[in-house]
Number of protein chains: 2
Amino acid sequence: MPSRLIVSRDLAELLKLLAHSDRLRLIEELRAGEKDVSGLAVALELPATRVSQHLSLLRAHRLVEERRHGRSHFYHLTNPRLADWILDALPFVDIRTRLDDNDHIDTARALWTAADSRSKH
Amino acid sequence: MPSRLIVSRDLAELLKLLAHSDRLRLIEELRAGEKDVSGLAVALELPATRVSQHLSLLRAHRLVEERRHGRSHFYHLTNPRLADWILDALPFVDIRTRLDDNDHIDTARALWTAADSRSKH
DNA sequence: CCAAAACCTGCAAAGTTGCGCAGGCTTGAA
DNA sequence: TTCAAGCCTGCGCAACTTTGCAGGTTTTGG
């Protein structure tokens with residue numbers, strides 16, 4: 001029964017794809033909706049080339065989809081539930097050494113789930 | 001607010017830790033309960049050295065814990081919910097090209113959730 | 001048509017990971 | 001005490017990733 005092995009390989013591939021802080025931030029940024037490359041670059045304070053490279057990787061694996069309008073390329077999540085699933089991992093993240101309050105998980109989740117990417121720089 | 005950045009880094013680190021098919025299989029194998037290194041090596045058909053190396057990595061990040069008895073080292077999951085969370089990712093895995101039935105997700109989940117690691121070789 | 005904006009891709013340097021292998025430690029049995 | 005089982009760690013090589021940079025394509029505006 002090699003199926004189990006195959007599944008574990010595919011799962012590992014998915015996780016590897018997500019295992020980069022830039023890409024995680026991109027995905028969580030796209031949770032709010034469609035956004036173009038330069039918009040993402042500004043929001044995450046990353047060079048546009050890097051954003052483009054990460055998006056191309058995510059696109060190759062169908063995690064995001066592209067829509068072109070004018071000279072802008074707008075990206076959106078193929079399956080927004082993925083972003084929810086990622087946030088479900090926060091309880092397993094060891095952040096107690098860096099945030100000094102107790103309810104760090106709620107804090108962390110709030111940082112992402114709230115529509116706060118626009119409310120503050 | 002660098003917190004969001006920090007969280008994404010920690011999350012990425014966790015995902016990187018899980019992004020290896022051997023380690024995924026180890027974690028799912030330990031879902032059933034404690035097991036020693038050679039037991040895991042036999043169950044997953046992997047060289048014991050490799051199993052040991054993976055476990056040492058998981059241990060360093062507190063995903064598993066060790067209990068020594070005699071000359072055997074028994075490992076168990078620090079937080080079994082992690083294994084559940086991993087299985088929740090199966091709907092996002094692209095396995096349609098390799099399993100030819102339709103309900104591949106149920107199939108895949110059954111492969112892991114059932115106590116079938118012993119029922120078949 | 002021409003130029004600039006917005007992206008994409010190829011490439012090479014630097015860093016990281018995975019793997020087997022050799023060697024070492026600890027425990028239990030003879 | 002001596003041996004072997006069971007496990008761990010260090011080392012080195014191969015393979016992969018990340019990143020900036022240079023150069024390319026498409027679209028819009030003049």
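Chain identifiers are assigned alphabetically (A, B, ...) following the order of the sequence lines, protein sequences preceding nucleic acid strands; residue numbering begins at 1 within each chain. Every heavy atom of this structure was used, including side-chain atoms; hydrogens, water molecules and symmetry mates were not.
Judged by distance alone, with hydrogens and angles left aside, the side-chain atoms of B:Ser8 form no donor-acceptor pair with the main-chain N or O of A:Arg25 at under 3.5 Å. No donor-acceptor pair under 3.5 Å is formed between the side chain of A:Ser21 and the backbone N or O of B:Arg9. Between the side chain of B:Trp85 and the backbone N or O of A:Phe92 there is no donor-acceptor pair closer than 3.5 Å. With A:Arg62 contributing its side chain and A:Thr78 its backbone, the two residues share no donor-acceptor pair below 3.5 Å.
Here chain B contacts DNA chain C (any atom closer than 4.0 Å to a heavy atom, that is under 4.0 Å), and the contacts span C:dT17 to C:dG28 from 5' to 3'.
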Using a 4.0 Å heavy-atom cut-off to protein, can you give one letter per nucleotide of nucleotides 8-21 of chain D, 5' to 3': B if the base is in contact, S if only the sugar-phosphate is, - if neither?
BBB-------SBBB

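Among residues at least two apart or in separate chains, ring-ring contact (aromatic ring centres under 6.0 Å, His included) pairs with a member in residues 4-56 of chain B are B:His20-B:His54.
If you check the side chains of B:Arg67 and B:Tyr75, you find no donor sitting under 3.5 Å from an acceptor.
Taking CG of A:Leu26 as the start and CZ of A:Arg31 as the end, the distance is 14.0 Å to the nearest 0.5 Å.
The shortest side-chain heavy-atom distance between B:Leu82 and B:Leu77 does not fall under the 4.5 Å cut-off.
Phosphate proximity of D:dT27 to A:Ser72: absent, as no side-chain N or O sits under 4.0 Å from OP1 or OP2.
Rounding to whole angstrom units, CZ of residue B:Phe74 and C1' of D:dG6 are separated by 11 Å.
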